[in-house]
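The next block holds one structure in the form of C-alpha cells; read it before the comments.
Counting starts at 1 for both ligands and their atoms, in listed order. Only heavy atoms go into these numbers, but all of them, side chains included; no hydrogens, no water, no symmetry mates.
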Amino acid sequence: MVANGETISTEASEGKPTFSSDRKTSTLASLRPDDDVIGWFDLVAERAAMMQKETLRRIIKTNAVTEYLKIWLGEDPPIEDLQLKELEELFRSRVPLAAHAEFEPYLQRIADGDTSPILIRDPVSCLSLSSGTTDGRPKYIPFTSFSAQTTLQICKLGAAYRARTFPTREGGRVLEFIYGNPQRFTKGGVAVGTATTHVFASEAFKAKQQATKSFSCSPQEIIHCGDYKQTTYGHLLLGLFHCDNIEFITSTFAYSVIQGFAALDELWPEICADIRSGNVNPIRVTSPEVRRAILGVVFPDPALALRIESACRELKERQWRGLVPSLWPNAKYILSIMTGSMLPYMAKLRHYAGNVPFVSADYGSSECWIGANIEPIQPPERVTFTLVPTFAYFEFIPLRTSSNGSGYSNDDEPVTIAEVELHREYELVVTTFTGLYRYRLGDVVRVVGFHKSSPKLSFVRRRNVMLAVNTDKSTERDLELAVEKTAGLLAKSGAELVDFTSRAVVGDGAHWPGYYVIFLEIDGEVSDSALRECCRAMDLSFADYGYVVSRRCGSIGPLELCVLEKGTFKEILAYYIGNGGTLSQFKTPRCVNSEELLRILNRRVRSRFSSDAYAA
Ligand code: AMP
C-alpha cells in the first residue's frame, strides 16, 4: 500500500508477521494484507492502539515538511528520537482540533495550483468534494493514491467477510448502480469531483474487480457518461442482459438502487426491445461512447427478452414487489450503505428485494475510510463498523447529552482508541494521510463492542445535518443562507419574513424522488412571481455537492416553498407551551418531523410553489 509515495505495507519477515512497539524495529505491517486479508485485519485489530500510534508516526514523518505541520510542530520535530507514545503526546498537545473552515485557505491554494508542500508532502492533483459545506461553500478534500489504495483494501476486506456468509460464484457479474460525475478542473489545473468519481476512474477500481473476482456489468463509458438517465438505462439494460449471472446488486448509497429499480417501471418495454434486437434505444441513449459500449456487449436474444418481458408484466401488476429474485434469480444479496440517512429507505428496498438479504456497506468518507462491516449477516439497524487502525489516526470526542436536552455538549477532550468506553457516543476526529490533522469529521458514532481491541462503531448521525434526502447533507447554516436570500427578495417587495422552518420529504411510494420543503410565514403582500423567484433562489442556494448533483440529475425533486397563513408560528409556540415547554426555552424548530407540527403547518399552507431551478 502506498501513502504519498511511501510504502506502508512491508514484506513479511521470514513469512511471519512480527510486531514490536520498539521505535527502531516497529513496522506497520510485516504483514501482507493481499495474502490473507482477514488474518491481516485480525492482527492489526489485536494491536489496534499500537497500530494507531504507528500510523500517526508515518503520517507525521511523511508530512513533517508541510507548511501546516511546521506551524504546530516546528521546523524539525524530533520524530526519530521519540517513542511512539511520546510522539503521539507531542502531536496531540501541539496540533489543535480543527474544522474544515480552518483548512479551507490551504485547500484553496492547492485548488489554485500551488504545488508546494502545504498540507501533504507531494503535490495534490485531485480534490474531492465532500458532503456538507463550509458556510455555504462546497468542501474540498485532497484525494491521493492512498485514498484509492485504501478503497481497494476495504473492498477486499469487506468482500472476504461477505464471502464467508454469502459465497458468490467467481467470475460472476455485479449490477452496480454507480455514477461518476464528470471531473472538472480548477483554474490551477487540479481535478475536482466526488471521491467516488475519482475511485471509479482509478486503477484501484479495476484492481478491485480482479481481486474480488466480481465484474461490473457496466463498462466505464456507462459509469462516467455524466448523464444520470443514460447511465441508469445502461446499467439496467446490461444488468438484465446478464440477469442469470448477476451475483449481487450494489450502489454506494441505497437510494441509487431504489432509484434504479423505480426507473424500470418506465423503461422495461424499451429495454426488452433492445435485448430482443441486440440494439440500443436511440432516444434513451444518445451518447456515442455509451452506445458503442453497450453494443459491444449486447446481441439479439429474443428468448431472454420474452422471459424478462413476461416477468416485468407480472411484476408491474404487483407494484414491482419482489423484483430482485424475479429478475435476478441468482443474486445473493444487495450491498449498499443502508445506515444513517439511508435507514428510512429500507422498507421501500425490502419491497423490491423480496427475500434477498441486505448487506450494509462499509463506513467511510471523502476524508478517509473508517470502519469495515465484518458481520455482513447483521440487518442495517444493527450493523457495526470495526475501525481499521491503519487507515488514519482516530480520536474520539466524548459527547454528553446537554442539560436542556436540546442536543449534545462536548466540552470534553478527545480520547484515543485505547481510551474509548463501551456504549458511549463520540464525535470522530481524524488525522489522515491526505493532509487533514485533528479534523472534526462531524459524525457521531457509538462504541458498541470490540473486535480484538479495535472498537466496533455504530453510526449514530451526522452532527448539524438538518436536511438529507440522498447523499446530500444540508446544515442549519445552509438553510439559513437559503432563507436569507429569500428575505432579501421579499424586502424588495416591501414584505418581511416572520419565521421559517423546513422538512425533508424522503422518497416513498407517494413521493419519489424526495425533496426539501421550506415553510415561510410572511408579513406583507408578495406576488406569485416574486414567490416563485424566492423558491428558485432557495433551491439554488443549497450548495452541498450531494444536493447539487442530485438536483441536476433529478434524484432529488424540486424544492417546494409553502407560504403559511399569518399566525402559524404563534400556533406552533402555543402547541409547544401546551405540551409543558417554557417560553424562555422556546426556539422555532428549523426542521420539523413531528406528525403534530406537520399537521399544523400543512393545515395552514396558503400557497405552494415548486422550484424550476435545474429544469432541463
Ligand atoms: P462524503 O464526505 O460525501 O464522502 O460522505 C461521507 C459521510 O457519509 C460520512 O461522514 C457519513 O456521515 C456518511 N456515511 C458514510 N458511510 C456511511 C455508512 N456506512 N453509514 C452511515 N453513514 C455513512
Side-chain angles (χ1 to χ4, degrees), residues 99-100 103 107 126-134 138-143 147-148 150-151 154-155 157-158 178-181 192-200 250-257 334-346 358-376 378-388 391-392 394 425-430 432 434 436 439-446 448 456-475 543-550:
H100 190 269
F103 289 99
L107 290 163
C126 266
L127 288 167
S128 296
L129 283 157
S130 177
S131 56
T133 61
T134 296
K139 281 167 38 176
Y140 287 143
I141 302 289
F143 183 96
S147 322
T150 45
T151 303
I154 199 152
C155 286
L157 187 59
I178 53 177
Y179 300 82
N181 297 303
V192 176
T194 57
T196 44
T197 296
H198 296 321
V199 166
F200 300 149
T250 185
S251 68
T252 311
F253 283 87
Y255 192 89
S256 307
V257 175
I334 298 173
L335 168 70
S336 226
I337 293 180
M338 299 175 171
T339 33
S341 57
M342 291 295 117
L343 269 181
Y345 296 111
M346 288 307 106
F358 291 172
V359 179
S360 294
D362 304 310
Y363 173 29
S365 63
S366 307
E367 288 80 353
C368 62
W369 278 102
I370 299 159
N373 175 6
I374 65 170
E375 293 166 299
Q378 292 293 348
E381 296 75 17
R382 287 212 298 276
V383 73
T384 64
F385 304 102
T386 306
L387 201 105
V388 183
F391 282 172
F394 299 96
E425 287 187 3
Y426 298 92
E427 181 188 336
L428 273 181
V429 174
V430 297
T432 70
T434 54
L436 303 169
Y439 170 94
R440 296 178 71 152
L441 193 60
D443 283 353
V444 177
V445 295
R446 184 180 302 116
V448 289
K456 281 182 174 175
L457 309 174
S458 77
F459 181 87
V460 178
R461 64 183 186 94
R462 178 89 161 197
R463 281 197 98 172
N464 305 327
V465 166
M466 190 145 270
L467 297 167
V469 167
N470 183 6
T471 53
D472 54 306
K473 294 178 181 58
S474 297
T475 62
D544 168 76
Y545 196 64
Y547 186 79
V548 174
V549 169
S550 302

Inset, instruction - Describe, in one word, how the ring planes of F103 and Y439 are oriented to each other, choosing from parallel (under 30°), tilted (30 to 60°) and perpendicular (over 60°). - result: tilted

Inset, instruction - Mark the output for Y545 as yes if a heavy-atom distance to ligand 1 is under 4.0 Å, and as no if none is. - result: no

Legend entry - For R462, the ligand 1 atoms whose distance to one of its heavy atoms is below 4.0 Å: 7 (C), 9 (C), 10 (O), 12 (O)

Inset, instruction - May I ask you to identify, for F459, whether its side chain, its backbone, both or neither come under 4.0 Å of ligand 1 on a heavy-atom basis? - result: side chain

Inset, instruction - Name the option, out of S341, S458, S366, that contains the heavy atom nearest to atom 1 (P) of ligand 1. - result: S366

Inset, instruction - Kindly confirm or rule out an N or O of D362 lying under 3.5 angstrom from an N or O of ligand 1. - result: yes

Legend entry - Point-to-point distance, once rounded to the nearest 0.5 Å, from CG of D472 to OG of S131: 9.0 Å

Inset, instruction - Compare S128, G364, S336 and give the one whose heavy atom is closest to atom 15 (C) of ligand 1. - result: G364

Legend entry - Which of the ligand 1 atoms, numbered from 1, are nearer than 4.0 Å to a heavy atom of A361: 19 (N)

Inset, instruction - Please examine the side chains of M342 and S336, heavy atoms only from C-beta on, and report whether any two atoms are closer than 4.5 Å. - result: no

Inset, instruction - Please name the pair of heavy atoms, one in T432 and one in C368, separated by the smallest distance, quoted to 0.1 Å. - result: CG2-CB, 3.9 Å

Legend entry - F385: numbered ligand 1 atoms lying under 4.0 Å from its heavy atoms: 19 (N)

Inset, instruction - Record the part of K473 in heavy-atom contact with ligand 1 below 4.0 Å; permitted values are side chain, backbone, both and neither. - result: side chain

Legend entry - Sub-4.5 Å side-chain heavy-atom contact between I334 and V359: no

